[in-house]
Structures are given as structure tokens and as C-alpha cells.
Number of protein chains: 2
Amino acid sequence: MPTPASPRPARTRNPRGEGGRLRDDIMAAATELLDESGESSVTLRSVARRAGVAAPSIYRHFPDQPSIMLAVVQQAFAMLDAELRTAMDAAGSDARGRLFAFCNAYLDFADQHPGRYRTMFGGAWMPDLGSSSVTEGDVSSLGAESLTLLADTLDDCVRAGCATSSDPVADAVALWLGLHGLAHQRLVTVAFPWPADIAERLITTLAHLNDA
Amino acid sequence: MPTPASPRPARTRNPRGEGGRLRDDIMAAATELLDESGESSVTLRSVARRAGVAAPSIYRHFPDQPSIMLAVVQQAFAMLDAELRTAMDAAGSDARGRLFAFCNAYLDFADQHPGRYRTMFGGAWMPDLGSSSVTEGDVSSLGAESLTLLADTLDDCVRAGCATSSDPVADAVALWLGLHGLAHQRLVTVAFPWPADIAERLITTLAHLNDA
DNA sequence: CGCGCAAGGTGAACGGCTGTAAGTTTTTCT
DNA sequence: AGAAAAACTTACAGCCGTTCACCTTGCGCG
């Protein structure tokens, strides 16, 4: 019997200046719920329960429910970007290796945080844009830095002679979309006729990598 | 002021044998709501309002709320498949032209029915699989026929000499995923650095088409 | 011809969940 | 001590899925 909305009532009040610590706890609670049970289960009240807090206490830190979601998504994009950069740094200096490190880290992120990934790229959490405090500008540029990083990496591959792309920026977008298609479909569909090497095939083809 | 849940109260009772006509009306209402306001707005009650019917009347035709969703999704996949085949038939006998017809029809479907597409491939509508009458077998094979059609078409391209794929089935999956990535991202993101020729670039690359 | 009976459809209601507002208590710092 | 930050309790109105008992219509059959 899994505790569906386990309340964590033991919670010591925060001292004077550090009331903002609850903000982090709220976001952590929302992220947990997102990963466990999906977007629709992240309600203001369930987040409050999980954080061990009364529901109205959340309004000290977030103006409404959608802005919790926005904060979680923004944090998730920042985490994705950080993981991508970490993986690339660990891959050394070989351009081709760095490109694969990026792609594999991207796919791993989606595999390990399915709820978050679906919400980041699913878009269903976006409010009516007018009935809440979340504006279009808040969401329009999510993931842009990571995409730029991919474009730069692909450009490095071209310079190093291991990829033949006449337009690395456009091909980076294509590769980004291919990765997204694979990651998203993987999360959604349980039974799918996946060839074993589908990821490598997709990456190699879209990046126009040499056979060598 | 858009009528948010326009009730259509004028409704004449169905004769003896044709009670099933309400079933079609329910599915049509659910599809309308899906296209207008997204998955979360398709509730049993809102569907009933839109269909001009009292909420409990739905239980004469569907056991659950999730099974309404399942029926709509199944119908949407059938419609997608029909549109793909229609577009290919209209494209004549050239293999390359038929492949592009498939891909463009796929992308058009997503563009023209965004709510439906997101629900078909989003997976968030799936119930707990155990707390409702929808089984895993009902959803596992959705879209399989269309994918097979794409694989056959790509195979035709190879036979006709306009594509160089050593494994048409695997490459068809890759192309399918690429199309999905493009279509899905297009629906979700308003501002994205789309190169103008991104669709053609994606298709040509993933299908390994000749330059000619 | 009339009548039973079932198909088709309602109205009212229950319990539970949601977001949010108002007012109040508790803690901590100065 | 007193002020203010932090969090709580209570409450409201609205929506949800589902159930039960009820009415109406019209077909088939005696």
C-alpha cells in the first residue's frame, strides 16, 4: 500500500530571515510528486501536504498554483543544462565524444526523470496566460541555452572534420528534435518496436557524422 | 466572451434501436473539447454538457470516464491512418513522392488537431490501469499500422533506388520518431528557432534520400 | 387493440477534491 | 516587551466521478 500523499507533519518553524527555506522545500515536494505520479497530481494542496505544511502557507512564497509549476520547470531546465555540461566536460576534448556525451546525457535525463521531462516538454501545465501570474516570456526561452550548446558542439565536430554539416545550427535543431522524439516516445509507450541501436542511429544520421 | 461549456440542450430522444447514436455524439463532443481546450478539460460532466445530455446518461454508453478518452484516442489514430493513406494515394506512384506525402500528412494532422495529437502521443490520459476498465492491451498497439505503412513506403524508396537505407524498418522508426519530435515540439513551443526547411531537412536526412 | 417491459434518459445527491480568502496564533529577533 | 515574520485554522464556492431511484417513450406480443 503506497502512501499516496504521505504527510510529513514534523516540521520546525523557520527562523526570522530564512523563511525562504520553505520555498525550496515546496519546490522539492512538487518535484517529488511530479516524478512519482505525474503532472496532474501536483496540486497546491498535495504539495502542501507533502511539504508538511498547511495549504495557505504556500501563498507566502508563490502567488498561485501555476507559478509553482513554472518554478519547478525552470529549475528542471537548469538541472538538465547542468547535467549536459557536466557530461560533456567529463567526455574530454574529442568533439565526437562530446557530442555523444551530450546526446546520451539528454536521453538519460529523460529516462531518469520521466515525469519532469514530460512536464518540461509537454506544455500541458501552462495556464491560460492571463488568468495567472505566469507570462509567455517566462516559458518562451526554456531550454535555449542547451540547444545553443548542442549547436556549438556540432559545429566543433564539423571543424574537427568528423561531421559533414553545411548548416550546423539547423542540423542541431534537427538533432534536438530527434532526441526529443525518441525520449518522449520512450516515456509514453511501453511496447514499441525499438531497434536496439535506435539512439545511435538517430544521432549519427542527424549529426551527419562520418563513418570512421 | 467565448461560451466555455456551451450547452446544447435541444436534443430529441433516440428511437429504440438507435440509442447508439448518442455514443457518437458523446465522442464528437469529447473530441471538440479536446481540440478546443486540451485534455484536462475533457471531463465526464463537460462532455455531457457539450453533448446536451445529463451526466449520468453517459454511463449507458461508456463504463468509465477513461474509456471515453480511450475511444476518442482510438478513433483519432484511425483517422490519422486514414488521412495518411489518402494522402499517399493522391500522391501517385512515385516512391519518393509517396514518402513525402506521408510525412507532410502526418505533420499536417498534428498542426490541425493539436489537442488530439498531444493526447494521442502524450499519454497523460492513461488511467492507473487497474482502477478502470481500460487495459494495457488497448493502448499498446496504437499507431502500429501507420508505422508499418511508413516502413513499407521507405522500403519502396530503397527498391526504387531513391533511398540508401540498409535497414528500412529501423530507419522508418527513426523517421517516425523525428516526425513526432518535430510535430510535438511545434505544438508546444510558440517561439522556437525553426529553420524554414526543418521538416524537409529532417525527412531527407532520416530517410537517407538521394540528393537527386 | 392494449399492455407490459425494456431502452433511453433525468434529477438529486454523496463524498471528495480543488484554489483561494480572512482572520488568528505562534515564534523569533531586536 | 513589542513588532513582525511565519505559519495555522477555518471556511467558501466550485468542480469532479459515480450511484440510485425515477420518469417517458415506443416496440413486440398476446
Side-chain angles (χ1 to χ4, degrees), chain A residues 4-5 7-26 29-30 33 37-71 124-128 130-134, chain B residues 4-5 7-26 29-30 33 37-71 124-128 130-134:
Chain A
R8 233 181 281 159
R11 198 190 154 76
T12 60
R13 188 192 212 79
N14 279 319
R16 207 55 172 305
E18 312 176 25
R21 232 161 43 189
L22 177 55
R23 191 177 206 276
D24 298 342
D25 290 359
I26 291 171
L33 289 170
S37 327
E39 190 168 340
S40 67
S41 72
V42 185
T43 71
L44 191 146
R45 288 179 111 108
S46 73
V47 169
R49 277 191 298 266
R50 175 62 65 101
V53 139
S57 303
I58 291 190
Y59 286 94
R60 298 262 169 200
H61 305 277
F62 296 91
D64 43 32
Q65 189 264 353
S67 56
I68 304 177
M69 225 57 189
L70 174 64
W125 60 274
M126 276 201 305
D128 285 344
S131 69
S132 94
S133 64
V134 177
Chain B
R8 236 182 277 157
R11 205 193 146 73
T12 59
R13 188 196 210 78
N14 278 321
R16 209 50 170 319
E18 313 177 24
R21 232 162 44 191
L22 177 54
R23 190 177 207 275
D24 299 342
D25 291 358
I26 290 170
L33 288 170
S37 326
E39 188 168 342
S40 66
S41 72
V42 184
T43 69
L44 192 147
R45 289 178 113 109
S46 72
V47 168
R49 278 192 298 266
R50 175 63 65 99
V53 140
S57 304
I58 291 191
Y59 287 92
R60 300 270 173 202
H61 304 277
F62 295 92
D64 270 327
Q65 189 263 354
S67 56
I68 303 176
M69 224 57 186
L70 174 64
W125 60 274
M126 276 200 304
D128 284 343
S131 69
S132 92
S133 64
V134 176

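Every heavy atom of this structure was used, including side-chain atoms; hydrogens, water molecules and symmetry mates were not. Just so you know, these numbers come straight off a predicted model, no measurement behind them. Residue numbering restarts at 1 for every chain, and letters A, B, ... go by the order of the sequence lines.
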| message | Strictly distance-based, threshold 3.5 Å: is any side-chain N or O of A:Thr43 a donor or acceptor partner for the main-chain N or O of A:Ser46? | response | yes
| request: Kindly say whether B:Arg45 contributes a backbone atom to a donor-acceptor pair with the side chain of B:Gln65 at under 3.5 angstrom? | output: no
| query | Looking at A:Ser57, does any N or O in its side chain come under 4.0 Å of the phosphate oxygens OP1/OP2 on D:dA6? | reply | no
| Are side-chain N/O atoms of A:Asp64 and A:Ser132 paired as donor and acceptor at under 3.5 Å? | no
| remark: Here the distance between atom P of D:dA6 and atom CD1 of A:Ile58, to the nearest Å, is 15 Å
| Distance test, side-chain N/O of B:His61 to OP1/OP2 of C:dG9, below 4.0 Å | yes
| said: One character per nucleotide, please: for nucleotides 11-19 of chain C, 5' to 3', B when the base has a protein heavy atom closer than 4.0 Å, S when only the sugar-phosphate does, - otherwise. | reply: BBB----BB
| query | When the distance from CD1 of B:Ile26 to P of C:dG8 is rounded to whole Å, what number comes out? | reply | 12 Å
| field | Gap between atoms CG and P, on A:Leu22 and C:dT27 respectively (whole Å) | value | 16 Å
| field | Candidate pair B:Leu22 and B:His61, rule side-chain contact (heavy atoms from CB on, under 4.5 Å), full reasoning | value | CA-CA 8 Å; B:Leu22 177 54; B:His61 304 277; 3.5 Å; yes
| message | In this structure, how many angstroms lie between the C1' atom of C:dG8 and the CG atom of B:Asp24, rounded? | response | 15 Å
| request: Grab the CZ-C1' distance between A:Arg60 and C:dT25 for me, whole Å please. | output: 12 Å
| Contact check, side chains of A:Arg60 and A:Arg23, non-hydrogen atoms, under 4.5 Å | no
| said: Counting C-beta onward and ignoring hydrogens, is there a side-chain heavy-atom pair between A:Phe62 and A:Leu44 closer than 4.5 Å? | reply: no
